[in-house]
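The figures here come from the full heavy-atom set of this structure, side chains too, leaving out hydrogens, waters and symmetry mates.
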Amino acid sequence: MNTSFEDTIVAIATPPGIGGVGIVRLSGARSGLITQSIFTLQQAVDTWQHGQMYYGQLRDPNNQIVDDGYVVYFKSPYSFTGEDVIEIQIHGSPYTLNQCVELCLAKGARLAGPGEFTQRAFIHEKIDLIQAEAVSELIHAQSEVEAMLARKRLDGKLSEHITQLRNAAISILAELDADVDFPDEELPLSRIDQRVVEMEKLQAQAEKILQTYRQNETVREGYRICFIGRPNAGKSSFFNQLLQSDRAIVTDIAGTTRDTISESIYLRGRKVTLIDTAGLRSNTDDVIEAQGMDRAMREIKQANMVCLICDVQAPIDPDLLSILQEVERDKRALIYNKMDLHASASEPHPDFAETFFVSSKTGLGVDGFFAKIAEKLDQQQLLECGGGISNDRQRELLQTVMTQILQSKQALLQQDSPEFIAFEFRQAFEALNRLVGKDDGYEDVYDHIFSTFCIGK
């Protein structure tokens with residue numbers, strides 16, 4: 001983004017569409033002057049007060065009323081961006097909101113780029129880079145837990161953990177740099193051992209935070225439950241029963257489902273992704289059905305839980321059992337279907353961690369299935385670490401930290417030159433800096449991050 005942070009910017013801050021209220025946001029030194037030139041207060045005031053809401057009318061160049069509403073003033077440096085910020089709250093008509101923006105542009109404002117308000121908050125050190133990323137993540141959160149973790153990152157909880165790592169790294173680096181400055185003072189073995197312990201402690205702390213990546217990925221993508229089985233085993237019927245919707249086509253013709261179908265539900269504040277797959281059988285002349293089976297195999301590998309659905313009175317296909325051998329036992333579940341047609345139930349199978357007896361037709365067993373999934377979600381303890389790391393940028397930088405600490409420790413044990421040891425460890429420290437956005441010359445990366453934000457944020 002080739003932008004000037006000296007400009008006053010404007011954008012619609014509420015989602016596109018029709019609503020009761022819409023917000024146009026300005027940020028920059030001329031926010032107040034621009035607003036005063038297009039918005040007439042019902043009661044004139046000498047000085048606008050921070051956080052105060054003022055009623056008035058938005059007027060066009062001919063002094064005709066465009067709409068009425070409120071203006072809220074946030075004084076620098078106490079605003080989100082650190083600059084003077086004004087929010088104009090009027091009715092949520094797309095025409096009216098766009099008209100308000102046009103009036104601001106005519107008075108000297110510039111249309112904001114994606115994420116530019118948040119980028120200004122970062123530039124003015126109101127938030128760090130992890131918090132800036134959390135703004136977008138909170139906006140796009142789809143579940144209670146995902147929003148809760150993003151809120152923790154936005155509140156700076158993860159940044160506190162990274163700051164602790166940085167402070168510990170600074171102490172170690174200061175000692176390593178001292179070795180470079182005074183190379184004639186050879187370190188005793190006890191001192192080397194102590195530094196190794198300090199590095200290992202730092203490495204363990206970084207590893208704990210790194211472990212949250214996979215957890216947050218599951219929270220974001222959803223706990224994935226994949227349904228597999230022979231054609232016409234009732235996968236799609238059970239899938240529809242869980243959703244209480246005819247999402248998948250159900251017929252008596254084998255091989256109706258040709259592709260994977262996924263839908264999300266929410267349990268215990270968590271996103272759960274249900275995946276219906278093509279029926280698995282050893283031979284098919286249908287090219288499209290074969291591709292559907294290939295996709296089913298990929299979903300099996302990515303799932304948190306794989307449910308084999310079969311007729312309660314039919315033997316389990318040994319080919320399907322063979323496929324499931326690649327899946328950990330605690331991720332396997334057996335669902336005996338068509339209990340409405342059979343009074344008796346089969347015994348639980350030893351190759352499966354869970355067994356369910358259901359009827360896709362009547363809904364029998366659905367509540368028990370949901371209760372077990374909710375129980376599994378409750379058993380997943382969240383390694384919060386201030387919300388944990390949430391994207392590939394953060395993960396890759398923490399992996400760099402881990403790698404460089406390990407190499408520094410090895411160099412120290414080998415009693416390599418102090419310059420080399422300090423150089424290796426400095427790479428870890430710089431990676432921690434880049435995590436929170438304290439590294440100079442990183443502007444291109446910042447631009448890329450903020451360009452993924454929505455306009456008006």
> Are the aromatic rings of F369 and F238 close, with centres under 6.0 Å apart?
Replying inline: yes

> Would you say the ring centroid of F117 lies under 6.0 angstrom from that of F80?
Replying inline: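 No, the ring of F117 stays outside the 6.0 Å limit from the ring of F80, centre to centre.
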
Could you check whether [Y] and [X], counting side-chain N and O atoms only, form a donor-acceptor pair closer than 3.5 Å?
X    : Y    : answer
D276 : S236 : yes
N337 : S360 : yes
S27  : T81  : yes
E424 : Q427 : no

Do the side chains of [Y] and [X] get nearer than 4.5 Å, heavy atoms only?
X    : Y    : result
R393 : L397 : yes
I228 : V306 : yes
Q52  : Y73  : no
C307 : I225 : yes
D340 : L364 : no
K107 : L103 : no
I405 : F425 : yes
H349 : L321 : yes

> Which atom names give the shortest non-hydrogen contact between A134 and A150, and what distance separates them?
Replying inline: CB-O, 3.7 Å

>> How close do L267 and A374 get, counting heavy atoms only, and between which atoms?
In response: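 It is CD1-N, 4.4 Å.
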
Keeping the roles fixed (side chain from [X], backbone from [Y]), state whether a donor-acceptor pair exists under 3.5 Å.
X    : Y    : answer
D7   : I9   : no
K126 : P77  : yes
S79  : S76  : no
S408 : Q404 : yes
R153 : L158 : no
E125 : F122 : no
R395 : S390 : no
T212 : I389 : yes
S31  : G28  : yes
D330 : F352 : no

Checking [X] now: which residues fulfil side chain to side chain donor-acceptor pair (under 3.5 Å) with it, not counting sequence neighbours?
X    : result
K152 : E384
Y213 : D392
N167 : none

> Can you list every pair that meets salt bridge (Lys or Arg N to Asp or Glu O under 4.0 Å) and has a residue in residues 154-163, with sequence neighbours left out?
Replying inline: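 Qualifying pairs, neighbours excluded: R151-D155.
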
> Tell me, which pairs form a salt bridge (Lys or Arg N to Asp or Glu O under 4.0 Å) where one or both residues lie in residues 367-379, sequence neighbours left out?
Replying inline: R268-D378, E354-K372, E354-K376, K372-E375

> If you round to the nearest 0.5 Å, how far is SG of C100 from CD1 of I90?
Replying inline: 4.5 Å

> Roughly how far, to the nearest 0.5 Å, is CD1 of I170 from CG of L173?
Replying inline: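 The CD1 atom of I170 is 8.0 Å from CG of L173, to the nearest 0.5 Å.
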
Contacts of type side chain to side chain contact (heavy atoms under 4.5 Å, CB included), residue [X], not counting sequence neighbours:
X    : value
D128 : I130, Q131, S159, V436
D68  : Y55, Q57, H91
K271 : Q142, S143, S264, Y266, T273

With a sphere of 6.0 Å drawn around [atom1] of [X], does it hold more than 12 non-hydrogen atoms of other residues, nucleotides or ligands?
X    : atom1 : value
R214 : CZ    : no
F370 : CZ    : yes
Q325 : CD    : yes

> Who passes ring-ring contact (aromatic ring centres under 6.0 Å, His included) against H124, sequence neighbours left out?
Replying inline: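 Testing H124 for ring-ring contact (aromatic ring centres under 6.0 Å, His included), a comparison that skips the adjacent residues, returns none.
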
> How would you list, by chain and number, every residue that makes a ring-ring contact (aromatic ring centres under 6.0 Å, His included) with Y78, sequence neighbours excluded?
Replying inline: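 Expected list: H50.
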
>> With a 4.0 Å cut-off on N to O distance, would you call R25 and E87 a salt bridge?
In response: yes

> Got a salt bridge between R270 and E144, using NZ or NE/NH1/NH2 to carboxylate O under 4.0 Å?
Replying inline: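 Result for this pair is no, no salt bridge flagged.
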
>> Filter on ring-ring contact (aromatic ring centres under 6.0 Å, His included), then keep only pairs touching residues 314-340, sequence neighbours left out; what's left?
In response: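 Qualifying pairs, neighbours excluded: Y336-F357.
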
>> R120: which residues meet the salt bridge (charged side-chain N to carboxylate O under 4.0 Å, His left out) condition with it, sequence neighbours left out?
In response: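 Partners of R120 by the salt bridge (charged side-chain N to carboxylate O under 4.0 Å, His left out) criterion, ordered by chain and then number, come out as E83, E116.
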
